[in-house]
Amino acid sequence: MANILANEALEKINHEQSVLLQFSNEIAGVRIKADLECAVINVLRDVLDTKLAMIHTFDDDGFGLTPYMSDTSLFKDVMPSHDERVAIKLTIEEPYTARVVSSKEPVVFNVEEELRTTNSLFAQLWKKVGFQNTYAALLRVGNTNVGTLWLLADYLDPAVVKGICSQISMAIANIQANEKLILYKQQLEQENVYLKEQIKTIYNFTEIIGNGPQMQKVYQLMSLVAESNSTVLILGETGTGKELIARAIHNASPRKDKLMIKVNCAAMPANLIESELFGHEKGAFTGATERRIGKFELANNSTLFLDEIGEMPLEAQVKLLRVIQERELERVGGKDTVKVNVRIVAATNRDLEEEVNAGRFRSDLFYRLNVFPILLPPLRERMEDMEALANFFVSKYNKNTGKNITRISPKAMQQLHSYLWPGNVRELEHLIERSVLMTTDNLLREVYLPKKADTQNAPEENIFSKTLEDMERTFIISALKRCKGKISGAGGAAEVLDIPGNTLHSKMKKLDITKADYFS
Ligand SMILES: Nc1ncnc2c1ncn2[C@@H]1O[C@H](COP(=O)(O)OP(=O)(O)OP(=O)(O)O)[C@@H](O)[C@H]1O
């Protein structure tokens with residue numbers, strides 16, 4: 001008798017081991033959820049005559065449980081749609097789940113008994129499948145709860161259920177870790193592409209040239225605001241250095257270790273701007289083949305630089321306002337709300353108040369952005385910085401081109417001073433770059449200014465209150481002032497006015513223009 005019992009026990013152990021081995025073989029190499037689902041369902045059915053009712057996984061809060069996988073054929077008459085099935089979320093307070101979570105061993109629920117005593121929705125569902133029992137167990141890896149497993153069968157050996165549980169727990173934990181890795185990898189790839197784009201456009205963040213009183217005011221404002229989280233609005237004509245200032249603010253802020261993210265609001269079509277800013281879920285629209293995170297999420301814990309904010313379409317302005325107010329967003333086509341901690345720096349060359357009055361810019365967004373405005377002066381109003389800027393760009397392009405230009409000729413400097421600079425510092429930079437390329441020795445002799453551009457951009461005056469002679473006089477004086485009194489030759493007022501030097505001399509005599517007029 002003892003031998004028979006020992007033999008039976010041995011056979012039982014052998015059977016358990018062969019089931020677990022088979023199970024392990026099936027799921028060992030599985031890397032993705034769909035393969036795991038297939039392997040689990042098949043091996044349970046074929047080896048143990050068991051159906052997989054459901055695997056739930058724990059939500060991050062450790063309280064909720066979300067359906068993870070099930071044999072979808074089981075309850076399709078009761079809950080035909082996939083959505084309906086996955087919508088059943090549980091918590092650890094649901095009575096069956098509570099028992100499973102608190103038990104170290106697998107729990108057995110007799111279907112008939114459950115129908116009699118509770119007649120619960122779950123008991124009714126189990127009854128439909130036709131097995132006598134439901135076996136449920138907690139899925140754990142180490143000290144971490146992974147989920148719960150629900151099996152339907154007439155009889156299962158608890159030791160086998162335990163063995164299956166530990167293998168499934170490990171497989172799910174691996175898949176979840178793998179999914180996280182893939183997501184991080186995608187995010188890193190996106191950041192990497194972005195970084196490479198940025199590196200192409202960046203030379204030097206820290207060097208802002210200009211020490212005149214106008215730029216001193218700007219530096220003072222920057223140092224007041226940099227360390228805070230306040231929104232900054234940088235205003236100024238095109239090419240005045242708004243992006244440079246935005247980067248300097250970011251680099252002087254506690255967020256400097258993360259990359260500042262830039263969005264050019266003018267460069268994006270209205271229908272793409274939302275997805276660019278907030279990201280989209282896979283399938284959110286035609287062409288959205290992958291989930292993509294937006295610039296707001298990329299800028300989490302960093303600074304988002306919204307360049308050319310004045311060009312943003314009105315529909316996108318509404319959405320932007322919401323994110324700035326709530327500090328949370330939804331990806332296009334997504335249901336989840338994502339919290340973001342982003343510092344906004346915006347820039348524009350438009351007069352935003354005028355845009356508000358014209359109905360092209362939302363006033364509520366304007367007030368949200370205009371928390372701390374910084375106005376950048378145009379280059380023509382800070383000519384005191386011209387020499388430093390010109391020298392800075394010469395040495396920059398020396399490096400880029402391998403030249404060794406050591407000086408700018410007085411004539412070239414005079415030319416730079418006499419021009420009105422509609423394109424500001426960017427235009428100056430391009431002109432110097434060109435001049436550096438054209439220079440063959442170490443003296444930059446000449447800059448190639450656009451013809452007559454200075455006169456086209458002269459400020460408007462009330463011409464009707466003046467005689468023709470008055471106007472001519474004022475105009476000549478202003479040209480002489482810009483040329484620092486130089487009358488003829490390169491960079492002189494005659495060149496700016498495009499008349500011969502002698503003609504200018506005689507006009508000055510006739511109009512009684514003396515040094516006192518243009519050196520005052
Ligand atoms: N103060 C400065 N010192 C050194 N370089 C400057 C300065 N201001 C502008 N620049 C250079 O001039 C170019 C234009 O500057 P930036 O792109 O910051 O201007 P912006 O005002 O943002 O122009 P836009 O309105 O067209 O976007 C850049 O190459 C920048 O490095």
Side-chain angles (χ1 to χ4, degrees), residues 197-223 226 231-252 259-268 273 295 303-312 344-352 354-355 361 369 372-401 408 416-417 419-437 447 449 457:
E197 278 170 15
Q198 289 286 291
I199 285 167
K200 278 190 220 151
T201 61
I202 294 162
Y203 320 118
N204 193 341
F205 299 158
T206 45
E207 286 199 76
I208 305 172
I209 307 298
N211 260 328
Q214 300 251 38
M215 285 308 284
Q216 291 295 346
K217 265 190 231 159
V218 171
Y219 301 144
Q220 201 187 356
L221 290 174
M222 286 167 69
S223 57
T231 300
V232 180
L233 180 63
I234 307 172
L235 304 158
E237 288 177 19
T238 183
T240 42
K242 297 186 289 297
E243 181 169 346
L244 200 69
I245 300 295
R247 289 193 184 282
I249 290 174
H250 171 75
N251 287 339
L259 188 72
M260 181 180 97
I261 305 293
K262 177 185 165 185
V263 178
N264 187 339
C265 304
M268 270 178 288
I273 200 162
K295 293 281 168 71
T303 306
L304 183 67
F305 175 46
L306 298 170
D307 199 9
E308 316 259 17
I309 187 83
E311 318 296 316
M312 184 177 261
I344 307 270
V345 176
T348 182
N349 53 23
R350 295 207 180 201
D351 180 339
L352 278 192
E354 214 172 77
E355 295 298 298
F361 203 84
L369 294 174
F372 194 93
I374 297 181
L375 179 64
L376 284 189
L379 184 54
R380 64 181 169 280
E381 286 174 17
R382 54 181 189 109
M383 282 297 181
E384 65 276 8
D385 294 332
M386 174 58 80
E387 202 161 328
L389 279 164
N391 284 321
F392 170 74
F393 290 129
V394 166
S395 64
K396 175 173 168 181
Y397 289 100
N398 263 345
K399 275 187 209 137
N400 284 5
T401 56
I408 300 175
L416 295 176
H417 275 285
Y419 181 58
L420 268 172
W421 300 108
N424 289 297
V425 186
R426 182 184 291 112
E427 189 182 12
L428 171 67
E429 179 171 356
H430 290 164
L431 275 177
I432 299 277
E433 181 182 5
R434 189 168 156 225
S435 307
V436 166
L437 285 171
V447 282
L449 292 168
N457 290 285

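Counting convention: from 1, in listed order, for ligands and their atoms alike. Predicted model, so just to flag it, every value in this text is computed and none were measured.
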- Verify, without hydrogens or angle tests, whether Lys242 (side chain) and Gly236 (backbone) share a donor-acceptor contact under 3.5 angstrom.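 Looks like yes, one N/O pair under 3.5 Å.
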
- Please check if the side chain of Glu237 supplies one atom and the backbone of Gly423 the other of a donor-acceptor pair under 3.5 Å.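 Checking the backbone N and O of Gly423 against the side chain of Glu237, no donor-acceptor pair under 3.5 Å is found.
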
- Partner set under side-chain contact (heavy atoms from CB on, under 4.5 Å) for Asn391, not counting sequence neighbours: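 Listed in chain order: Glu387, Ile408.
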
- Message: Using the side chain to side chain contact (heavy atoms under 4.5 Å, CB included) definition, which of the options Met383, Met386, Arg380, Glu427 pairs with Tyr419?
- Response: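 Of the listed residues Met383, Met386, Arg380, Glu427, the side chain to side chain contact (heavy atoms under 4.5 Å, CB included) partner of Tyr419 is Glu427.
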
- Walk me through it: do Ile309 and Phe361 pass the test side chain to side chain contact (heavy atoms under 4.5 Å, CB included)? CA-CA 9 Å; Ile309 187 83; Phe361 203 84; 4.0 Å; yes

- Does at least one non-hydrogen atom of Leu389 fall below 4.0 angstrom from an atom of ligand 1?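 Under 4.0 Å: yes for Leu389.
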
Between ligand 1 and [X], is the shortest N or O to N or O distance under 3.5 Å?
| X | result |
| --- | --- |
| Met215 | no |
| Gly239 | yes |
| Thr240 | yes |
| Ile209 | yes |

- Item | Element-labelled atoms of ligand 1 that are located less than 4.0 Å from some non-hydrogen atom of Phe393 |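 Matching atoms, with element in brackets: 5 (N).
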
- Query: Would you call Glu311 and Arg350 a salt bridge, using N to O less than 4.0 angstrom?
  - Reply: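 Salt bridge present between Glu311 and Arg350.
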
- Region of Asp307 engaging ligand 1 - heavy atom pairs below 4.0 Å: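 Looking at Asp307 and ligand 1, just side chain atoms fall under 4.0 Å.
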
